[in-house]
K.L.:
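This is the structure I have questions about; it appears just below.
For ligands, and for the atoms within them, numbers begin at 1 and follow the listed sequence. Quick note: residue numbers are just sequence positions, from 1.
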Amino acid sequence: MDCLFCKIAQKKIPAKIIYEDEHAVAFEDINPQAPVHALIIPKKHISTGLDLKEEDNALVGHLFQVASRIAREKGIAERGFRLVTNTNAESGQSVFHIHIHLLGGRRMHWPPG
Ligand code: 5GP
Ligand code: ZN
């Protein structure tokens with residue numbers, strides 16, 4: 001399968017990996033939109049949130065745990081941060097391997113653009 005984030009997870013394409021375990025990888029976004037901008041992905045290929053199955057429930061929880069861990073490590077947990085998962089075209093999803101954006105280190109705006 002020709003998937004950019006699968007290739008990053010398999011180290012076939014370089015990325016600044018900041019966390020890895022058996023099920024998840026996190027790396028710096030190549031085009032950061034905030035002082036902290038990491039992407040948290042499952043190693044398993046899942047295209048969008050719409051494709052999650054009951055069996056993925058623990059995995060999704062784990063991805064949130066990883067996001068919290070990175071937020072603490074980056075020193076933005078107490079100040080606050082934003083987690084975003086874009087889904088399909090109108091959201092702006094451009095990579096069809098599910099990922100959580102971790103954004104922080106500056107004040108976030110609401111409503112988002
Ligand atoms: P989406 O638009 O699908 O929600 O988010 C995809 C994100 O992946 C974007 O923020 C984009 O900057 C990032 N991205 C795209 N290609 C690469 C890449 O090759 N390496 C890294 N580290 N990030 C990428
Ligand atoms: Zn993939």
K.L.:
Below 30° counts as parallel, above 60° as perpendicular, anything between as tilted: where do the rings of H62 and H23 land?
P.N.:
perpendicular
K.L.:
Give every protein N, O or S atom lying under 2.8 Å from the Zn ion (ligand 2), naming each by residue and atom.
P.N.:
C3 SG, C6 SG, H45 ND1, H97 ND1
K.L.:
Using only atom types and a distance under 3.5 Å, with no angle test, would you say the side chain of D21 pairs donor to acceptor with the backbone of A24?
P.N.:
yes
K.L.:
Indicate if L63 and I76 have the same hydrophobic cluster label, given that clusters are the connected sets of ILVMFWY residues with side-chain heavy-atom separations under 4.5 angstrom.
P.N.:
yes
K.L.:
Would you please indicate yes or no on a ring centroid separation below 6.0 angstrom for H99 and H97?
P.N.:
no
K.L.:
If the criterion is any heavy atom closer than 4.0 Å to an atom of ligand 1, which residues make the list?
P.N.:
L4, F5, I8, F27, E28, D29, I30, N31, L39, N86, G92, Q93, S94, V95, H99, H101
K.L.:
Is any NZ, NE, NH1 or NH2 atom of the basic residue among E22 and K43 found under 4.0 Å from an Asp or Glu carboxylate oxygen of the other?
P.N.:
no
K.L.:
Should K7 and D2 count as an ion pair when the cut-off is N to O under 4.0 Å?
P.N.:
yes
K.L.:
Rounded to the nearest 0.5 Å, what's the gap from CD on E28 to NE2 on H37? Could you check?
P.N.:
9.5 Å
K.L.:
Would you say the side chains of D51 and T48 form a donor-acceptor pair under 3.5 Å?
P.N.:
yes
K.L.:
Give the cluster check for V60 versus F96: same hydrophobic cluster or not, with ILVMFWY residues linked at side-chain heavy-atom distances below 4.5 Å.
P.N.:
no
